[in-house]
Amino acid sequence: MKNEDVQREVILAKSAGFCFGVQRAVDTVYEQAEKNDGPIYTYGPIIHNEEVVCDLAARGIGVIHSEEELARLNEGTIVIRSHGVPERIYRLIREQGLELVDATCPFVKKIHRIVQEHSQNGMHIVIIGDDRHPEVEGIKGWVKSSVSVIETEEQAREWTVDPSVSVCIVSQTTFNNNKFKDLVEIISKKSYNVICVNTICNATGERQTEAAQIAEKADAMIVIGGKSSSNTQKLYEICRSRCNKTVYIQTAADLTDSDILESRRIGITAGASTPKKIIEEVQKNVRNGF
Ligand code: F3S
């Protein structure tokens, strides 16, 4: 079948792309770059998107990858990205005499405050999320007592706590809502006093719900996002479970799957760190038959 023979319908998710927190962080870095006021660094890549990170590098904005690297700096501005950082990083930035520009997403900041307050009151904190994710690393760094990170049902079942210890459960903002509920149910049976604050961000929930709705009616589904973006990976899982022909791409150039091209109804969604430009390019290529 020739590409032009296919009457193609493209459904682009309204919630595809940058969420409020990421847009705010990216804008903050570009504003700092405009000021041109000495060296600027982001603490970790500002978002999980190689194109944006390369563009920033071309504007002379560096990336700090570790606390050790930060400890060697004594001049410049450090921008904290939307994921947030542990409290000790704020201290280190100040001790080094560096300027601090905080672009932590307010929804993540709220989690920092919750875990700080409840742990100060002696509660054990449980974070539902991926222990290796920088956001979780940041949240852990605001806990004043003890903390556990749980990501799977198996971990939740194996997890033990003295039932007399009060437990406060929060979530990584990008965690899957249904999985979160399942894990909370298991954990809640282990202590007499459990407070659970669902800190999953609406932007993620809305994006996931819309992606699921589109994937259910689409013949093929395209999920766009950086390789290491956890929210894009989750979007992919959600779409894949509803639509067999789901592909995960980073840019329009990765779109080479002819199976997708032969589909009539193609859905498109994108993770929170995917720039609008890339989404538009993919959409254009799909409409024009690549
Ligand atoms: Fe913030 Fe939600 Fe985005 S927590 S960074 S607005 S996914």
Side-chain angles (χ1 to χ4, degrees), residues 19 21-22 25 43-44 47-48 66-67 80-91 102-205 207-208 228-235 237 271-273:
C19 60
V22 168
Y43 192 77
I47 56 168
H48 285 307
S66 65
E67 251 170 281
I80 294 174
R81 59 186 176 172
S82 56
H83 295 322
V85 292
E87 192 182 13
R88 64 175 187 277
I89 301 297
Y90 286 77
R91 277 199 301 270
D102 192 356
T104 306
C105 176
F107 301 133
V108 176
K109 210 64 225 152
K110 185 180 135 200
I111 308 177
H112 294 172
R113 282 197 295 270
I114 293 170
V115 300
Q116 186 179 28
E117 188 190 317
H118 288 299
S119 61
Q120 261 160 359
N121 294 337
M123 295 187 97
H124 178 85
I125 306 294
V126 173
I127 306 166
I128 307 272
D130 174 0
D131 203 7
R132 296 150 306 172
H133 195 282
E135 182 192 318
V136 173
E137 187 62 39
I139 299 169
K140 282 198 287 186
W142 290 85
V143 175
K144 305 293 169 200
S145 56
S146 51
V147 58
S148 311
V149 179
I150 295 178
E151 190 181 10
T152 64
E153 284 198 17
E154 197 189 344
Q155 287 169 353
R157 274 194 209 96
E158 281 170 5
W159 183 72
T160 52
V161 69
D162 180 334
S164 63
V165 172
S166 302
V167 174
C168 167
I169 310 173
V170 293
S171 172
Q172 184 180 343
T173 55
T174 49
F175 207 76
N176 178 289
N177 239 315
N178 292 334
K179 265 198 199 168
F180 176 75
K181 283 180 199 146
D182 293 345
L183 296 180
V184 167
E185 206 183 305
I186 300 170
I187 296 163
S188 298
K189 291 181 185 138
K190 308 207 178 195
S191 161
Y192 300 126
N193 181 26
V194 177
I195 293 177
C196 168
V197 193
N198 183 338
T199 49
I200 294 176
C201 168
N202 277 347
T204 311
R207 194 180 294 107
Q208 289 175 350
S228 48
S229 154
S230 79
N231 77 86
T232 312
Q233 265 155 25
K234 290 207 175 93
L235 268 186
E237 284 166 27
S273 46

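This structure is a prediction, so every number in the text was calculated from the model and none was measured.
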Return the minimal non-hydrogen interatomic distance between [X] and [Y], and the atom names on each side.
X: Cys19; Y: Ala203; result: CB-CB, 3.9 Å
X: Ser273; Y: Ile47; result: O-CD1, 3.4 Å
X: Lys140; Y: Ile127; result: CG-CD1, 3.7 Å
X: His112; Y: Gly84; result: CE1-CA, 4.2 Å
X: Val22; Y: Ser82; result: CG2-OG, 4.0 Å
X: Leu183; Y: Ala156; result: CD2-CB, 3.9 Å

From [X] atom [atom1] to [Y] atom [atom2], the distance as rounded to the nearest 0.5 Å:
X: Ile80; Y: Asp102; atom1: CD1; atom2: CG; value: 4.5 Å
X: Thr152; Y: Asp130; atom1: OG1; atom2: CG; value: 11.0 Å
X: Ser171; Y: Ile150; atom1: OG; atom2: CD1; value: 12.0 Å

### side-chain contact (heavy atoms from CB on, under 4.5 Å) between Ile89 and Glu67, worked out
CA-CA 7 Å; Ile89 301 297; Glu67 251 170 281; 3.2 Å; yes
Hey, does [Y] have a side-chain heavy atom less than 4.5 Å from the side chain of [X]?
X: Ile128; Y: Ile169; result: yes
X: His83; Y: His133; result: yes
X: Gln116; Y: Val143; result: no
X: Ser119; Y: Val147; result: no
X: Tyr43; Y: Pro134; result: no

#### Entry: By ring pair (Phe, Tyr, Trp, His ring centres under 6.0 Å) - contacts of His124 (at least two apart)
Trp159
#### Entry: With sequence neighbours excluded, residues passing ring pair (Phe, Tyr, Trp, His ring centres under 6.0 Å) with Phe107
Phe20
[X] (side chain) donor-acceptor with [Y] (main chain) under 3.5 angstrom:
X: Asn231; Y: Ala272; result: yes
X: Glu151; Y: Asp131; result: no
X: Ser145; Y: Met123; result: yes
X: Thr204; Y: Thr174; result: no

### Task
Scan residues 188-203 for pairs that pass side chain to side chain donor-acceptor pair (under 3.5 Å), counting only residues two or more places apart or in two chains.
Ser166-Asn193, Asn177-Asn198
### Message
Can you pull out every salt bridge (Lys or Arg N to Asp or Glu O under 4.0 Å) where at least one residue sits in residues 156-180? Sequence neighbours excluded, please.
### Response
Glu153-Arg157
#### Entry: salt bridge (Lys or Arg N to Asp or Glu O under 4.0 Å) contacts touching residues 105-121 (sequence neighbours left out)
none
### Query
Could you go step by step and tell me if Thr173 and Glu135 meet the side-chain hydrogen bond (donor to acceptor under 3.5 Å, both in side chains) rule?
CA-CA 8 Å; Thr173 55; Glu135 182 192 318; 2.7 Å; yes
### Residue Glu185 excluded, over 12 heavy atoms near CD under 6.0 Å
no
### Query
Stepwise, does the side-chain contact (heavy atoms from CB on, under 4.5 Å) test hold for Glu237 with Asn176?
CA-CA 10 Å; Glu237 284 166 27; Asn176 178 289; over 6 Å; no
### Query
After noting the C-alpha distance and the side-chain angles of Ile111 and Trp142, does the key distance pass the side-chain contact (heavy atoms from CB on, under 4.5 Å) rule?
CA-CA 9 Å; Ile111 308 177; Trp142 290 85; over 6 Å; no
### Task
List for me each residue that meets side-chain hydrogen bond (donor to acceptor under 3.5 Å, both in side chains) alongside Thr160, sequence neighbours excluded, and say none if there are none.
none
